[in-house]
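Here the structure is a predicted model, which is why all the values come from computation and not from measurement.
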Amino acid sequence: MDPVSQLASAGTFRALKEPLAFLRALELLFAIFAFATCGGYSGGLRLSVDCVNKTESNLSIDIAFAYPFRLHQVTFEVPTCEGKERQKLALIGDSSSSAEFFVTVAVFAFLYSLAATVVYIFFQNKYRENNRGPLIDFIVTVVFSFLWLVGSSAWAKGLSDVKVATDPQEVLSLMSACKQTSNKCMAVHSPVMSSLNTSVVFGFLNFILWAGNIWFVFKETGWHSSGQRYLSDPMEKHSSSYNQSGYNQDSYGSSSGYNQQASLGPSSDEFGQGQQPSGPTSFTNQI
């Protein structure tokens, strides 16, 4: 087995068992799902306009849209049901800023998670050699947690605007022919938004993963170890002072008990010796 294979077999599974590397691998996977479901989306809807004069009708009006959802640039032509004249319309809204920001955060999060996972697996000793690596990792994790929250929230609002702008009934209301009751307008096919809904879910899941990983990255920094030392020093001082005071009290108690017992002994002997002659003396005087 070559050295690279030995290094991979020895380091991969050991590092991925730790929460730090395991969460990074999940972040990498979820970031792929986030930008793939949003950035790779393309959908559309189909409408029909049935005019009183059948020759002027169009029963298959296709409107396609895709990422980055600059809907105001999506144009289509519809019949006016007034001769051969056509009406050129465009969808309403522009959600490109929120969509592109979301995808950008997802792509950079994927790249950083990939690089961090490689470092955890193959360069773990250098990563923990000094505090610089964990400190940079901690700051980047906090920043990406914030970006995921902002990006997911913005894209959720942008997706809501996309759904409203591409609703078939909303698009039909833009057509002048559909404002006449004699003409029949209907939606043949509505856009499918399931992948876009999934992208929002993966966005908030990424935020939860990155926010939860802050603690595990923080444990690798010197701030966590210094905090533990600060907490342990007062406890050790309190414990040592308590032991010393207990020892002094015990020694004081034993010495005082010994002195009291020693002083009690001679006094009882003297008391006994003083009472013994009094018996015979009083008896002789009575006789």
Visitor: So, for C38 and V103, which heavy atoms are closest and what is the spacing to 0.1 Å?
Guide: SG-CG2, 3.8 Å
Visitor: Which residue is it: V105, N206, I32? I am looking for the one with a side chain to side chain contact (heavy atoms under 4.5 Å, CB included) to F110.
Guide: I32
Visitor: According to the interplanar angle, ranging from 0 to 90°, do the rings of F30 and F202 count as parallel (below 30°), tilted (30 to 60°) or perpendicular (above 60°)?
Guide: perpendicular
Visitor: Quick one: CG on L26 to OG1 on T117, what's the gap to the nearest 0.5 Å?
Guide: 9.5 Å
Visitor: Identify the two heavy atoms, one from T37 and one from A34, that lie closest to each other, and give their separation to 0.1 Å.
Guide: OG1-O, 3.1 Å
Visitor: Taking S57 for its side chain and C51 for its backbone only, find out whether a donor-acceptor pair lies under 3.5 Å.
Guide: yes
Visitor: Are N213 and L20 packed together at the side-chain level, in the sense that at least one heavy-atom pair is separated by less than 4.5 angstrom?
Guide: yes
Visitor: Looking only at heavy atoms, which two atoms of L174 and Q87 are closest? And how far apart?
Guide: O-NE2, 3.9 Å
Visitor: Does I214 belong to the same Ile/Leu/Val/Met/Phe/Trp/Tyr cluster as L209, with side-chain heavy atoms less than 4.5 Å apart forming each link?
Guide: yes
Visitor: Out of curiosity, E82 CD to N53 CG, how far, rounded to the nearest 0.5 Å?
Guide: 11.5 Å
Visitor: Is the shortest distance from a Lys or Arg side-chain nitrogen in K163 or D167 to a carboxylate oxygen in the other one below 4.0 Å?
Guide: no
Visitor: Using the rule that Ile, Leu, Val, Met, Phe, Trp and Tyr join whenever any side-chain heavy atoms are under 4.5 Å apart, tell me whether W148 and V143 fall into a single cluster.
Guide: yes
Visitor: Using every non-hydrogen atom in the two residues, find where V200 and A156 come nearest and quote the distance to one decimal.
Guide: CG1-CB, 4.0 Å
Visitor: Give me the ring orientation class for Y112 and W210: parallel if the planes are under 30° apart, tilted from 30 to 60°, perpendicular past 60°.
Guide: tilted
Visitor: Check whether V188 and M175 end up in the same hydrophobic cluster, where Ile, Leu, Val, Met, Phe, Trp and Tyr are linked by side-chain heavy atoms less than 4.5 Å apart.
Guide: no
Visitor: Where does the angle between the aromatic ring planes of F218 and F138 fall among parallel (under 30°), tilted (30 to 60°) and perpendicular (over 60°)?
Guide: tilted
Visitor: Can you list everything that forms a salt bridge (charged side-chain N to carboxylate O under 4.0 Å, His left out) with D50? Sequence neighbours excluded, please.
Guide: K54
Visitor: Do the side chains of V162 and F65 get nearer than 4.5 Å, heavy atoms only?
Guide: yes
Visitor: Would you mind listing every side-chain hydrogen bond (donor to acceptor under 3.5 Å, both in side chains) that reaches into residues 60-73, with sequence neighbours excluded?
Guide: R46-D62, R70-E100
Visitor: So which heavy atom on T141 is nearest to which on R24, and how close?
Guide: OG1-NH2, 2.6 Å
Visitor: Does CZ in F108 sit with more than 12 non-hydrogen atoms of other residues, nucleotides or ligands closer than 6.0 Å?
Guide: no
Visitor: Which value, rounded to the nearest 0.5 Å, describes the distance between R132 atom CZ and K126 atom NZ?
Guide: 14.0 Å
Visitor: Treating Ile, Leu, Val, Met, Phe, Trp and Tyr as nodes and any side-chain heavy-atom pair under 4.5 angstrom as an edge, say whether V192 and L47 lie in one connected cluster.
Guide: no
Visitor: Going through the distances and angles, do L205 and F33 end up as a side chain to side chain contact (heavy atoms under 4.5 Å, CB included)?
Guide: CA-CA 11 Å; L205 286 177; F33 291 150; over 6 Å; no
Visitor: Kindly give the heavy-atom pair with the smallest separation between A177 and N183, and that separation in Å.
Guide: O-ND2, 3.0 Å
Visitor: Just how far is it from atom CH2 of W155 to atom OG of S97, taken to the nearest 0.5 Å?
Guide: 10.0 Å
Visitor: With heavy-atom distances below 4.5 Å as the criterion, would you say the side chains of F76 and L45 are in contact?
Guide: no
Visitor: Identify whether L159 and V164 are in the same connected component of the hydrophobic contact network (ILVMFWY, side-chain heavy atoms under 4.5 Å).
Guide: no
Visitor: Could you give the distance from CE (M193) to OG (S199), rounded to the nearest 0.5 Å?
Guide: 11.0 Å
Visitor: For the atom pair CD1 (I63) and OG1 (T75), what is the distance rounded to the nearest 0.5 Å?
Guide: 10.0 Å
Visitor: Can you tell if the side chain of P79 reaches within under 4.5 Å of the side chain of I61, non-hydrogen atoms only?
Guide: yes
